[in-house]
Amino acid sequence: MAPTLLELAHWSTWAVCAVIKLPQLAAVVRARSARGVSVGSLLLELAGFLVFLRYQMYYGYPLQTYLEYPIIIAQDVILLLFILRFSGNTKRAFFYAVTFWGGWYMLTLRKWIIDLAMNLCTLISAASKLAQLRCLWQTKDSGQVSALTWSMSAYTCATRILTTVMTTNDLAVLIRFITMLILNIWVTATVLHYRKTKKTD
């Protein structure tokens, strides 16, 4: 039973993550606008994903427990490029690429750096969700923000709580996924609230 449940959790997470950012990408491309999407949130999310991926690789955790991260990172980079293009800030892409590449390299210079980064990763990822919430609260408009993308993120956090308990049982990883689950649900609910409010106006 447990191996089957673990495999189901892994496969469903990978399947969802293969398309997790596509609803958000489609909304931005269709509208040719990133209205409502927080660039700061996306950058913080990307930083959190890169730290988390590097941590998992550094400690040699099973590939099945983090296989979705390269896929999500690639989708985030594509989304960031479209947002920068539609906001007229394409030149910033090179700066972001150099910064993230340098950070990726520096994370494993010393063991204490990757451990500290993983502990800060939860704060960074939480800050990305809070930045999106702030953007929604300020504009009172969900704009091009995809509730489907955020709800899929909540689902993958829930499955990763299960897979972490069943494999590595790493407390830092568990705390991260529980925190992200709560915040992803909050963002989803906020997007749906503003979408409903806008329809009734």
Exercise for review: Give the cluster check for F95 versus F100: same hydrophobic cluster or not, with ILVMFWY residues linked at side-chain heavy-atom distances below 4.5 Å.
Suggested key: yes
**Study point:** Distance (rounded to the nearest 0.5 Å) between E68 CD and Q64 CD
**Key:** 11.0 Å
**Study point:** Main-chain N/O of R85 paired to N89 side chain as donor or acceptor, under 3.5 Å
**Key:** no
**Study point:** Nearest heavy-atom neighbours spanning V51 and C121
**Key:** CG1-CB, 3.7 Å
Exercise for review: Would you confirm whether Q144, through its side chain, and A34, through its main-chain N or O, come within 3.5 Å as a donor-acceptor pair?
Suggested key: no
Practice item. Output, in order, the C-alpha distance, side-chain angles, deciding distance and verdict of side-chain contact (heavy atoms from CB on, under 4.5 Å) for Y194 and V145. Key: CA-CA 10 Å; Y194 286 126; V145 181; over 6 Å; no
Exercise for review: Verify, without hydrogens or angle tests, whether S146 (side chain) and T149 (backbone) share a donor-acceptor contact under 3.5 angstrom.
Suggested key: yes
Review point. Is there a donor-acceptor pair under 3.5 Å between the side chain of Q132 and the backbone N or O of G36?
Key: yes
Study note, to complete from the structure: Which of I83, L42, L80 passes side-chain contact (heavy atoms from CB on, under 4.5 Å) with V37? It is I83
Exercise for review: Check step by step if side-chain contact (heavy atoms from CB on, under 4.5 Å) holds for T65 and Q56.
Suggested key: CA-CA 8 Å; T65 62; Q56 297 278 327; 3.3 Å; yes
Review point. What's the spacing between L5 CG and T163 OG1 if we round to 0.5 Å?
Key: 10.0 Å
Exercise for review: Step by step, work out the side-chain contact (heavy atoms from CB on, under 4.5 Å) result for V28 and S33.
Suggested key: CA-CA 5 Å; V28 168; S33 165; over 6 Å; no
Exercise for review: Could you tell me whether the side chain of E45 and the main chain of A126 form a donor-acceptor pair under 3.5 Å?
Suggested key: no
Point to revise | Residues, nucleotides or ligands: over 12 heavy atoms within 6.0 Å of W137 CH2 | key: yes
**Study point:** Check against side-chain contact (heavy atoms from CB on, under 4.5 Å), S41 and L44
**Key:** CA-CA 5 Å; S41 171; L44 287 168; 6.0 Å; no
Practice item. Please check if any side-chain donor atom of S125 sits under 3.5 Å from a side-chain acceptor atom of R176, or the reverse. Key: yes
Review point. When the ring planes of H10 and W14 are compared, do they come out parallel, tilted or perpendicular, using 30° and 60° as the limits?
Key: parallel
Review point. Can you find a side-chain donor-acceptor pair between T13 and T159 that sits under 3.5 Å?
Key: yes
Check your understanding: Quick one: do V98 and Y105 end up in the same hydrophobic cluster if we chain Ile, Leu, Val, Met, Phe, Trp and Tyr together by side-chain heavy atoms under 4.5 Å apart?
Key -> no
Exercise for review: Check whether any side-chain heavy atom of S142 lies under 4.5 Å from a side-chain heavy atom of L136, and answer yes or no.
Suggested key: yes
Practice item. Please round to the nearest 0.5 Å and tell me the distance separating atom CE of M166 and atom CG of L162. Key: 5.5 Å
**Study point:** Under 3.5 Å: donor-acceptor pair, side chain of R160, backbone of Y155
**Key:** no
Review point. In terms of heavy-atom contacts, does OH of Y69 have more than 12 from other residues, nucleotides or ligands at under 6.0 Å?
Key: yes
Review point. So, D170 and Y61: side-chain donor and acceptor under 3.5 Å apart, yes or no?
Key: yes
Point to revise | Side-chain donor/acceptor of T164 to backbone N/O of I161, under 3.5 Å | key: no
Check your understanding: Same cluster for L192 and V187 if Ile/Leu/Val/Met/Phe/Trp/Tyr side chains link at under 4.5 Å?
Key -> no
Point to revise | I113 side chain reached by T108 side chain, heavy atoms, under 4.5 Å | key: no
Point to revise | Cluster link I78 to I71, ILVMFWY, side chain under 4.5 Å | key: no
Check your understanding: Taking all atoms of both residues into account, what is the closest heavy-atom pair of T122 and M180, and its distance?
Key -> O-CE, 3.7 Å
Review point. With the 4.5 Å side-chain cut-off for hydrophobic clustering, are L183 and L181 part of the same group?
Key: yes
Review point. With F52, which of Y59, W104, F177, Y58 fulfils ring pair (Phe, Tyr, Trp, His ring centres under 6.0 Å)?
Key: F177
